[in-house]
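The structure under discussion appears below in the form of C-alpha cells.
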Amino acid sequence: HNNPCCSAACNLSLASSRGIAMIVEIPRWTNAKMEICKEEPLNPIKQDVKKGKLRFVNNVFPYHGYIWNYGALPQTWEDPNHVDSGTGAAGDDDPLDAVEIGSAVATRGEVKQV
C-alpha cells in the first residue's frame, strides 16, 4: 500500500509469545459487516458498503449474526494478483480474515490472541 500507516492494523505485531493477534471487526452475535478501512488515515473499523448499501450478515436460525468473533490478522494482506491453484480465487486486497471460536463476546477493535 502506498500511504504510510499508523494504526493497529499496520503497527500491531502479528505474533507474540502469547500467540497470533487478531483485531476484532465483528463481535459475536452482531450483524453489521464491519471491516478495517485501508483507505482512511488510522484505518478505522467501518461498516462495509456494497452498491451504496450498508452490508449485514443474515441470521441463521436459531442464531443471530456471526456465531463467533470475526476479524483480521494485523500486518497481513491478500494479494489480488495471486490466484490460489486449489480454489481459483484471488486475494481480496484486505488483511487475512480470522475467527475466534469461544464463548466470550468481544468488543469491536479488541485485540485477541488466537
Side-chain angles (χ1 to χ4, degrees):
H1 300 281
N2 297 334
N3 57 340
C5 185
C6 180
S7 72
C10 293
N11 297 331
L12 182 67
S13 293
L14 173 63
S16 73
S17 61
R18 294 177 34 217
I20 301 295
M22 177 186 97
I23 302 167
V24 176
E25 296 170 303
I26 307 169
R28 185 177 190 199
W29 309 133
T30 61
N31 290 80
K33 177 73 171 107
M34 307 295 287
E35 289 194 344
I36 294 169
C37 182
K38 305 180 313 283
E39 295 75 29
E40 291 190 24
L42 304 179
N43 306 119
I45 298 173
K46 297 178 69 174
Q47 191 163 2
D48 194 31
V49 176
K50 189 172 187 177
K51 297 181 181 177
K53 295 185 178 185
L54 294 174
R55 291 182 65 196
F56 294 90
V57 175
N58 292 329
N59 293 323
V60 178
F61 183 81
Y63 304 105
H64 176 83
Y66 279 87
I67 60 173
W68 51 74
N69 295 305
Y70 179 94
L73 301 179
Q75 297 191 21
T76 63
W77 174 66
E78 289 189 77
D79 185 349
N81 297 310
H82 173 78
V83 177
D84 182 80
S85 61
T87 64
D92 65 0
D93 200 26
D94 284 333
L96 292 175
D97 297 321
V99 295
E100 187 265 339
I101 301 171
S103 60
V105 177
T107 56
R108 186 166 292 117
E110 181 179 346
V111 176
K112 299 201 59 92
Q113 300 300 316
V114 296

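Heavy-atom basis, side chains included; hydrogens, waters and symmetry copies ignored. Remember, predicted model here, so these are calculated numbers, not experimental data.
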Q47 and I45: CA distance, side-chain angles, deciding distance, side-chain contact (heavy atoms from CB on, under 4.5 Å) verdict: CA-CA 7 Å; Q47 191 163 2; I45 298 173; over 6 Å; no

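- The minimum heavy-atom distance between S13 and P74, with the atom names listed, is O-CG, 4.0 Å.
- If you take CZ on R108 and CD1 on I26, they are separated by 7.5 Å, rounding to the nearest 0.5 Å.
- A side-chain donor from one of W77 and D93 sits under 3.5 Å from a side-chain acceptor of the other.
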What pairs of donor and acceptor atoms, side-chain ones from residues 97-107 against any protein atom, are under 3.5 angstrom apart with sequence neighbours left out?
{"residue": "D97", "atom": "OD1", "partner": "Y70", "partner atom": "OH", "Å": "3.2"}
{"residue": "D97", "atom": "OD2", "partner": "Y70", "partner atom": "OH", "Å": "3.3"}
{"residue": "E100", "atom": "OE1", "partner": "N69", "partner atom": "ND2", "Å": "2.7"}
{"residue": "T107", "atom": "OG1", "partner": "E110", "partner atom": "OE1", "Å": "3.3"}

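- In the hydrophobic clustering of ILVMFWY residues, with side-chain heavy atoms under 4.5 Å counting as a link, I67 and V60 come out apart.
- Rounding to the nearest 0.5 Å places CZ of R28 at 10.5 Å from CH2 of W68.
- Note that CG of N43 is 9.0 Å distant from NZ of K38, once rounded to the nearest 0.5 Å.
- Residue M34 holds its CE atom at 9.0 Å from CD of E25, rounded to the nearest 0.5 Å.
- In terms of heavy-atom proximity, L12 sits nearest to A21 at CD2-CB, 4.1 Å.
- Under the 4.5 Å side-chain criterion, counting only non-hydrogen atoms from C-beta, V49 is not in contact with K51.
- One hydrophobic cluster, built from ILVMFWY side chains closer than 4.5 Å, holds both V24 and V114.
- Taken to the nearest 0.5 Å, the CG atom of N59 stands 4.5 Å off from the CG atom of N31.
- With a 4.5 Å cut-off on side-chain heavy atoms, K46 and E40 count as touching.
- Distance check, rounded to the nearest 0.5 Å: CD1 of I23 to NZ of K112 gives 13.5 Å.
- The shortest heavy-atom contact between N81 and D79 is N-OD1, 2.8 Å.
- Looking at S16, its side chain does come within 3.5 Å of a backbone N or O of R18 through a donor-acceptor pair.
- The salt bridge (Lys or Arg N to Asp or Glu O under 4.0 Å) pairs that include a residue from residues 52-69 are D48-R55, where partners are two or more places apart or lie in different chains.
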